[in-house]
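Heads up, the thing below is written out as structure tokens.
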Amino acid sequence: MRHMPDAMPAAAQAPSSDPAEYRKALSCFATGVTVVTSHWQGSDWGMTCNSFSSVSLEPRLVLWSIRKAASSLDAFTRSGGFTVNVLSSEQEALAKQFATGDMAARFAGVPTTRQDSQRQRLNAAVAWFDCELHQLVDAGDHHIVIGQVQSFGWQDDASALTFWRSRFGQFEALPA
């Protein structure tokens with residue numbers, strides 16, 4: 001496929017310098033919703049994240065990104081690893097719970113399993129990936145965190161939570 005600038009639809013707009021407009025454009029890309037957890041200096045850490053993606057099948061690598069200004073930056077970049085928990089469509093409240101507040105409040109009332117890595121896995125997650133830190137990539141106001149998957153699992157009968165245009169939802173397949 002070729003890019004043909006003169007064939008752009010009339011609705012296309014010139015790039016805006018407004019960060020809010022940029023965020024609106026980015027929100028048009030639907031993503032899954034995850035909670036990433038870590039264990040550092042004897043404490044559990046967790047945060048909601050929708051920047052999760054696969055990188056490689058061999059070796060098994062995944063990535064996500066974290067703001068350089070995040071209060072949990074050291075816990076996720078210096079602990080040696082993390083667990084990505086893919087949330088189910090039933091876990092919108094957990095996505096919100098892990099987005100704000102202190103760490104004790106984030107984990108309060110959440111059924112988890114402590115793995116051999118000492119990181120917490122959310123029991124009702126659709127899928128999970130326990131990873132050792134593989135690489136950090138400096139990228140603007142974020143770090144891209146790449147992990148090598150050490151163990152993983154999934155549920156066949158659960159739907160994943162999605163995020164699109166600042167709203168939660170779930171995937172619905174189109175008729176074949």
Side-chain angles (χ1 to χ4, degrees), residues 27 29-67 70-137 139 142-164 166-173:
S27 77
F29 182 69
T31 66
V33 183
T34 69
V35 166
V36 183
T37 62
S38 190
H39 190 76
W40 186 59
Q41 295 184 335
S43 296
D44 293 315
W45 295 78
M47 62 179 279
T48 302
C49 171
N50 71 335
S51 62
F52 173 70
S53 183
S54 64
V55 175
S56 169
L57 294 177
E58 190 56 44
R60 294 176 177 160
L61 299 175
V62 296
L63 69 75
W64 62 284
S65 63
I66 185 170
R67 277 184 316 111
S71 60
S72 57
L73 179 68
D74 285 345
F76 289 104
T77 60
R78 297 178 63 196
S79 65
F82 55 88
T83 298
V84 177
N85 299 274
V86 179
L87 298 185
S88 79
S89 59
E90 306 292 319
Q91 294 179 305
E92 178 182 343
L94 274 185
K96 293 174 181 176
Q97 184 172 329
F98 276 89
T100 61
D102 65 28
M103 292 303 144
R106 292 180 187 198
F107 284 94
V110 180
T112 63
T113 299
R114 185 156 317 270
Q115 302 168 105
D116 291 341
S117 66
Q118 295 306 302
R119 294 180 283 271
Q120 296 280 26
R121 176 173 57 85
L122 280 56
N123 292 348
V126 171
W128 57 272
F129 304 87
D130 191 45
C131 306
E132 294 300 315
L133 182 62
H134 178 74
Q135 184 179 3
L136 283 176
V137 178
H142 279 64
H143 285 298
I144 298 169
V145 184
I146 301 173
Q148 185 162 7
V149 177
Q150 303 298 303
S151 60
F152 64 94
W154 73 94
Q155 297 182 47
D156 274 333
D157 59 345
S159 297
L161 183 64
T162 60
F163 195 67
W164 178 71
S166 302
R167 294 174 43 200
F168 291 103
Q170 70 183 45
F171 175 80
E172 185 176 321

* With side chain to side chain contact (heavy atoms under 4.5 Å, CB included) as the test, would you mind laying out the steps for Thr37 and Leu122 before giving the verdict? => CA-CA 9 Å; Thr37 62; Leu122 280 56; 4.1 Å; yes
[atom1] of [X] to [atom2] of [Y]: how many Å apart, nearest 0.5 Å?
| X | Y | atom1 | atom2 | answer |
| --- | --- | --- | --- | --- |
| Cys49 | Leu87 | SG | CG | 10.5 Å |
| Ile144 | Leu136 | CD1 | CG | 10.0 Å |
| Thr112 | Arg121 | OG1 | CZ | 9.0 Å |
| Phe98 | Gln91 | CZ | CD | 9.5 Å |
| Ser56 | Gln148 | OG | CD | 8.5 Å |
| Ile146 | Ser53 | CD1 | OG | 10.5 Å |

Looking at [Y], is its backbone amide N or carbonyl O close enough to the side chain of [X] to form a donor-acceptor pair, meaning the two atoms are under 3.5 Å apart?
| X | Y | result |
| --- | --- | --- |
| Ser38 | Ala75 | yes |
| Ser51 | Ser65 | yes |
| Gln97 | Ala108 | yes |

For [X], I'd like to know if atom [atom1] has over 12 heavy atoms of other residues, nucleotides or ligands within 6.0 Å.
| X | atom1 | result |
| --- | --- | --- |
| Arg78 | CZ | no |
| Asp102 | CG | yes |
| Gln155 | CD | yes |

* **Electrostatic pair Asp44-Arg106, nearest N-O below 4.0 angstrom** =>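 Not counted as a salt bridge, because no side-chain N and carboxylate O are separated by less than 4.0 Å.
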Can you name the closest pair of heavy atoms from [X] and [Y] and give their distance?
| X | Y | answer |
| --- | --- | --- |
| Val35 | Leu94 | CG2-O, 4.5 Å |
| Cys131 | Val149 | SG-CG2, 3.9 Å |
| Leu161 | Ala95 | CD2-CB, 4.1 Å |
| Gln120 | Asn85 | O-ND2, 3.9 Å |
| Met103 | Ser72 | CE-CB, 4.5 Å |
| Ser159 | Val126 | O-CG2, 3.6 Å |

* Can you list every pair that meets ring-ring contact (aromatic ring centres under 6.0 Å, His included) and has a residue in residues 41-61, with sequence neighbours left out? ->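 Passing the test, one end in residues 41-61: Phe52-Phe129.
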* **salt bridge (Lys or Arg N to Asp or Glu O under 4.0 Å) between Glu132 and Arg119, worked out** => CA-CA 11 Å; Glu132 294 300 315; Arg119 294 180 283 271; 3.1 Å; yes
* Residues Asp130 and Trp128: side-chain donor-acceptor under 3.5 angstrom ->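 There is no such pair between these side chains.
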* Under 3.5 Å, is there a donor-acceptor pair linking the side chains of Gln115 and Thr83? ->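 Checked: Gln115/Thr83 side chains pair up, N/O donor to acceptor below 3.5 Å.
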* To do: Show your reasoning for whether side chain to side chain contact (heavy atoms under 4.5 Å, CB included) applies to Thr34 and Val86.
  => CA-CA 4 Å; Thr34 69; Val86 179; 4.2 Å; yes
* To do: May I ask you to test the Ile66-Met47 pair for a side-chain heavy-atom distance under 4.5 Å?
  =>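 Side chain of Ile66 against side chain of Met47, heavy atoms only: contact under 4.5 Å found.
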* Residue pair Arg60, Phe152: steps toward the side chain to side chain contact (heavy atoms under 4.5 Å, CB included) verdict -> CA-CA 10 Å; Arg60 294 176 177 160; Phe152 64 94; 3.3 Å; yes
* **Partners meeting ring pair (Phe, Tyr, Trp, His ring centres under 6.0 Å) with Phe168 (sequence neighbours left out)** =>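 For Phe168, the residues satisfying ring pair (Phe, Tyr, Trp, His ring centres under 6.0 Å) (neighbours in sequence not counted) are Phe163.
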* side chain to side chain contact (heavy atoms under 4.5 Å, CB included) assessment of Val36 paired with Phe76 -> CA-CA 9 Å; Val36 183; Phe76 289 104; 3.8 Å; yes
